[in-house]
There are 2 protein chains.
Amino acid sequence: MPAGDTPSRDTQSRTRRVDARRNEKTLLDAAARVFANQGVDAPVRQIAAEAGVGVGTVYRHFPQRSDLVIAVYRHQVDACVDLGERLLGRGSSPLAALEEWVDAFVDFLVTKHGLASVNGGQADEGGLHAYFLDHLVPVCERLLEAAREAGETSTDIGAYELMRGIGNLCLFGGDDTRYDARKLSHVLLAGVALRREPRAD
Amino acid sequence: MPAGDTPSRDTQSRTRRVDARRNEKTLLDAAARVFANQGVDAPVRQIAAEAGVGVGTVYRHFPQRSDLVIAVYRHQVDACVDLGERLLGRGSSPLAALEEWVDAFVDFLVTKHGLASVNGGQADEGGLHAYFLDHLVPVCERLLEAAREAGETSTDIGAYELMRGIGNLCLFGGDDTRYDARKLSHVLLAGVALRREPRAD
DNA sequence: GACAATACGGAACGTGGTTCCGCTTCGCAA
DNA sequence: TTGCGAAGCGGAACCACGTTCCGTATTGTC
């Protein structure tokens, strides 16, 4: 999130009409319900229907579809950030902390079926992509840096790259029993953890 | 492409009308051109326009959009299969062979901007997904098995899982200079290569 | 109670994949 | 060569989406 972007303070401000505030909450709840049932790709119209409002109302509160997704999952992303900071404070191995943190992130993505694909969609630009990465990358960066300082990794992978990689691994892993995003993220982290002779890049 | 080339005996069969065969080739060429310029997400209508035919004609030859994509890239997939077999025949380290093969696959995906996303799209089922994986997974399986027998990997990752993982890593890496799918695939393979104490899964 | 400002609903628009069907072209056979 | 059925063609039409627009309804204030 760019500087100066005030969080939800504005959104919840009491300078707004009561019906507007009520509808926003209704929408958030409805969206959470629909996303849980049918994945984050559910049509906007359906969320509007579930909330008992018109689509116009949805777009009044959330100018783009992705803003709604962000709003629904914002607190989970924040929780992830908090977890990262707690893990950093903990004395144990930075690499173990990174691994635990990534596990939590992967769980989050996998649990909400299809959430990751919102990141992956080519025509995203801004919206979700920005929010998720802007918040998570700095935490990841610090975890990675700590691991580097502790000599537990020698990889030159950046935090942004790692986050995107993890996110991509979580794509489309939902109902396919042959594909386990968690397992693959572990393999990727194993590659991050101990890199022997670097291959010619 | 002269007769007796490779696969689609039926498609190229001479029981079909000449205009039909001509149009199929025209379409394939047009699609290749459009895909190269604007990525594999280019609208069907545009491919039809580029070929100078109606959309109906596109769908006559390729019942689904993804069939067209498959047809355009089929020979590259086949080349990848061939490479895998050549590498298997070669005497050197199976793991090195696997790495070289994956590099070639990643190059293929990254070069055609957005190709990988066709795999990733949730509502795919069948089509491209099936063709790519059905052909590539067996080769990957043999490379992986060879590496396992040579004691160069102890991972329990399956070939399908690995292919999907690699494919996912190649998503949306096109114009983002901060994200290098090749580098991430190397990290993933590093994790495959030497796995120390397995983490609790 | 009246009047802005604010918010709402849902029809309408643009864009995408896909289908349908009347018309054209081809290939064979008389 | 011509006739005719089958194969193929074009593109309008359909459906599903995200998003925009605007006439109407609601709210808060004086």
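Keep in mind it's a predicted model, so treat the numbers as computed, not measured. Per chain, numbering begins at 1; letters A, B, ... match sequence-line order.
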Whole Å only: how far is the CD1 atom of Ile47(B) from the P atom of dG16(C)? 11 Å
Run the salt-bridge test on Arg74(B) and Asp78(B) with the 4.0 Å N-O cut-off and return the result as yes or no. no
Round to a whole Å and report the spacing from CZ of Phe62(A) to C1' of dC8(C). 15 Å
Measure across Val55(A) and Arg45(A) and return the closest heavy-atom pair with its distance rounded to 0.1 Å. CG1-CG, 3.7 Å
Is the backbone of Val81(A) close enough, under 3.5 Å, to the side chain of Trp101(A) for a donor and an acceptor to pair up by distance? no
Where the side chain of Asp67(B) meets the backbone of Gln64(B), is there a donor-acceptor pair that is under 3.5 Å apart? yes
Considering heavy-atom distances to DNA chain C, does Thr57(A) or Pro63(B) have its closest nucleotide positioned more toward the 5' end? Thr57(A)
Which is more 5' along DNA chain D, the nucleotide nearest Val44(A) or the one nearest Val55(B)? Just name the residue. Val55(B)
Using a strict cut-off of less than 4.0 Å between a Lys/Arg side-chain nitrogen and an Asp/Glu carboxylate oxygen, indicate whether Arg86(B) and Asp82(B) qualify as a salt bridge. no
Between dT18(C), dC8(C), dG16(C), spot the one nearest the side chain of Pro43(B), thanks. dG16(C)
Min and max contacting nt of DNA chain D in 5' to 3' order, chain B heavy atoms within under 4.0 angstrom, are dA6(D) to dA13(D)
When rounded to whole Å, the OH to P distance for the pair Tyr59(A) and dC13(C) reads 17 Å
Passes salt bridge (charged side-chain N to carboxylate O under 4.0 Å, His left out), Glu145(B) versus Arg148(B)? Steps please. CA-CA 5 Å; Glu145(B) 188 52 38; Arg148(B) 214 171 272 136; 3.0 Å; yes
Could you give the distance from NE2 (His61(A)) to CG (Asn23(A)), rounded to the nearest 0.5 Å? 5.0 Å
Counting only side-chain N and O atoms of His61(A), is one of them less than 4.0 Å from OP1 or OP2 of dA7(C)? no
Within this structure, what is the CD-CG distance for the pair Glu99(A) and Leu143(A), rounded to the nearest 0.5 Å? 11.0 Å
Taking Glu85(B) for its side chain and Val139(B) for its backbone only, find out whether a donor-acceptor pair lies under 3.5 Å. no
Find the distance Asp67(B):CG to dT19(C):P and express it as a whole number of Å. 11 Å
Would you mind reading off the distance between Arg45(A) atom CZ and dA11(C) atom P, rounded to a whole angstrom? 10 Å
Could you write nucleotides 22-30 of chain C as a row of B, S and -, 5' to 3', where a protein heavy atom under 4.0 Å of any base atom gives B, of only sugar-phosphate atoms gives S, and otherwise -? ---BSS---
Between Ala42(A) and Gly56(A), whichever has its closest DNA chain D nucleotide further toward 5' is Ala42(A)
